[in-house]
Amino acid sequence: YTKLFDRFKKLTSLSKEELNIEGLINTSEKTYFFQRGNSIHAANGIFILDEITNYLTFKAITLPALNGIESSFTDAILVTENIYFLAAVENTISTYDDGEILGTFLCKMRLDDFVITKTLFLSEKHKFEGITLYQQNETLLTFLLCEDNDDEQLKSKIYKLTINK
């Protein structure tokens, strides 16, 4: 991915330290890379690579905030034509150094125009950094969420979350 990441940096003027991909969605025509904007430039957004033409674009995304600090992407998945993503708020400007955890959101965004249509505040003390679809029916979605507890134990708790579609 080195050449592709170089293209990301050139397109957005992000430095090596600021580039921080935290999720990926692959469809038959496009690949979406979720840039975590917890840096000085706070560049939350999605790199969109057209797999047919190799054309690359970047869509800046404004995410929900807590205490004046914008959240940043931590993972994303595609369910039908909607992107469900996690966005955490940490009191830090570093893309790598952990800061005080202020909370995590689960958001729903339309794939076709990247409009956020639902925002749920999940927790003020948990930083969720992984999401997968566990089950779904006509009215409900159940996700498994992985928590990053920012310690050196290298253990993580998995949570189950059920929401209305």
Side-chain angles (χ1 to χ4, degrees), residues 1-99 101-122 127-134 136 141 143-146 148 161 163-165:
Y1 286 96
T2 302
K3 289 182 182 181
L4 181 59
F5 284 8
D6 286 343
R7 289 178 64 195
F8 290 176
K9 291 182 285 189
K10 184 176 179 182
L11 179 64
T12 58
S13 300
L14 290 171
S15 69
K16 179 181 177 182
E17 292 74 27
E18 293 169 322
L19 183 66
N20 189 6
I21 303 301
E22 291 275 345
L24 183 140
I25 293 173
N26 202 348
T27 68
S28 61
E29 296 178 359
K30 295 181 181 176
T31 303
Y32 304 85
F33 298 83
F34 292 79
Q35 161 64 24
R36 184 172 186 174
N38 56 341
S39 66
I40 294 170
H41 297 106
N44 281 305
I46 304 170
F47 291 98
I48 306 151
L49 178 64
D50 187 305
E51 296 292 347
I52 298 165
T53 65
N54 203 32
Y55 186 70
L56 180 66
T57 57
F58 181 77
K59 173 68 176 164
I61 307 288
T62 301
L63 299 179
L66 288 173
N67 300 339
I69 302 171
E70 185 176 355
S71 60
S72 56
F73 289 116
T74 58
D75 201 5
I77 61 168
L78 183 63
V79 179
T80 316
E81 294 299 316
N82 292 294
I83 298 167
Y84 287 85
F85 66 87
L86 296 170
V89 181
E90 291 184 84
N91 195 5
T92 182
I93 60 169
S94 170
T95 54
Y96 300 104
D97 296 328
D98 294 317
I101 298 168
L102 300 178
T104 304
F105 294 95
L106 171 71
C107 300
K108 177 182 177 182
M109 173 192 301
R110 292 190 305 248
L111 179 64
D112 62 349
D113 61 7
F114 304 109
V115 171
I116 297 173
T117 59
K118 181 185 280 191
T119 300
L120 300 171
F121 183 68
L122 298 180
K127 180 172 65 168
F128 296 110
E129 291 203 8
I131 184 169
T132 192
L133 182 64
Y134 180 66
Q136 66 176 317
L141 296 171
F143 298 101
L144 298 179
L145 307 178
C146 180
D148 179 359
L161 173 68
I163 63 168
N164 292 319
K165 280 190 173 178

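Quick note: residue numbers are just sequence positions, from 1.
Closest heavy-atom contact between C107 and P64: SG-CG, 3.9 Å. Closest approach of I83 and A76 over heavy atoms only: CG2-CB, 4.1 Å. Contact detail for D75 and G130: the closest heavy-atom pair is OD2-CA, 3.3 Å. Contact record, E18 with S13: OE1-O, 4.3 Å, taken as the closest heavy-atom pair.
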**Message:** Run the side chain to side chain contact (heavy atoms under 4.5 Å, CB included) test on Y32 and L111 for me, step by step, so that the C-alpha distance in whole Å, both residues' side-chain angles and the decisive distance to 0.1 Å come before the verdict.
**Reply:** CA-CA 10 Å; Y32 304 85; L111 179 64; 3.6 Å; yes
#### Entry: Check against side chain to side chain contact (heavy atoms under 4.5 Å, CB included), D50 and E29
CA-CA 6 Å; D50 187 305; E29 296 178 359; 5.7 Å; no
Could you walk me through whether D6 and K3 satisfy the salt bridge (Lys or Arg N to Asp or Glu O under 4.0 Å) test, starting with their C-alpha distance in whole Å, then the side-chain angles of each, then the deciding distance to 0.1 Å, before giving a yes or no?
CA-CA 5 Å; D6 286 343; K3 289 182 182 181; over 6 Å; no
Side chain to side chain contact (heavy atoms under 4.5 Å, CB included) between K10 and L56, worked out:
CA-CA 11 Å; K10 184 176 179 182; L56 180 66; over 6 Å; no
Quiz prompt | Stepwise side chain to side chain contact (heavy atoms under 4.5 Å, CB included) test for T119 and L63 | solution = CA-CA 9 Å; T119 300; L63 299 179; over 6 Å; no
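Side-chain contact between K108 and L141 is absent, with no heavy atoms from C-beta onward closer than 4.5 Å. In this structure, the side chains of L14 and F58 stay at 4.5 Å or more apart for every pair of heavy atoms. Counting heavy atoms from C-beta on, the side chains of L122 and L145 come closer than 4.5 Å. Taking 4.5 Å as the limit, every side-chain heavy atom of F143 sits out of range of all side-chain heavy atoms of F128. Side-chain contact between F73 and I61 is present, with at least one heavy-atom pair separated by less than 4.5 Å. With a 4.5 Å cut-off on side-chain heavy atoms, L106 and L86 count as touching. Contact annotation: the side chain of L4 never approaches that of F47 to less than 4.5 Å [non-hydrogen atoms, C-beta and beyond]. Side-chain contact between R110 and N82: present, with at least one pair of heavy atoms (C-beta onward) separated by less than 4.5 Å.
Summarising the geometry, atom CG belonging to N26 is positioned 7.5 Å from atom CZ belonging to F33; distances are rounded to the nearest 0.5 Å. Of the inter-residue distances, the one linking K59 atom NZ with Q35 atom CD reads 15.5 Å to the nearest 0.5 angstrom. Separating the OH atom in Y84 from the CG atom in L161 is a distance of 11.0 Å, to the nearest 0.5 Å. A distance of 11.5 Å separates CG in L24 from CG in L78, rounded to the nearest 0.5 Å. Taken from CG in L19 to CZ in R36, the straight-line distance is 13.5 Å, to the nearest 0.5 Å. Within the model, atoms OG1 of T74 and CG of N20 stand 10.5 Å from one another, a figure rounded to the nearest 0.5 Å.
No more than 12 heavy atoms of other residues, nucleotides or ligands shown are found within 6.0 angstrom of NZ on K30. Around the NZ atom of K165, the shell of radius 6.0 Å holds more than 12 heavy atoms that belong to other residues, nucleotides or ligands.
With sequence neighbours excluded, the residues satisfying side chain to side chain contact (heavy atoms under 4.5 Å, CB included) with T132 are L144.
Using modelled atom types, no side-chain atom of N67 and backbone atom of I69 make a donor-acceptor pair closer than 3.5 Å. Distance alone, capped at 3.5 Å, places no donor-acceptor pair between the E51 side chain and the T27 backbone.
Here the rule is side-chain contact (heavy atoms from CB on, under 4.5 Å) with S71, and of F85, F121, F105 only F105 fits it.
For the residue pair E70 and T62, no side-chain donor N or O sits within less than 3.5 Å of a side-chain acceptor on the partner.
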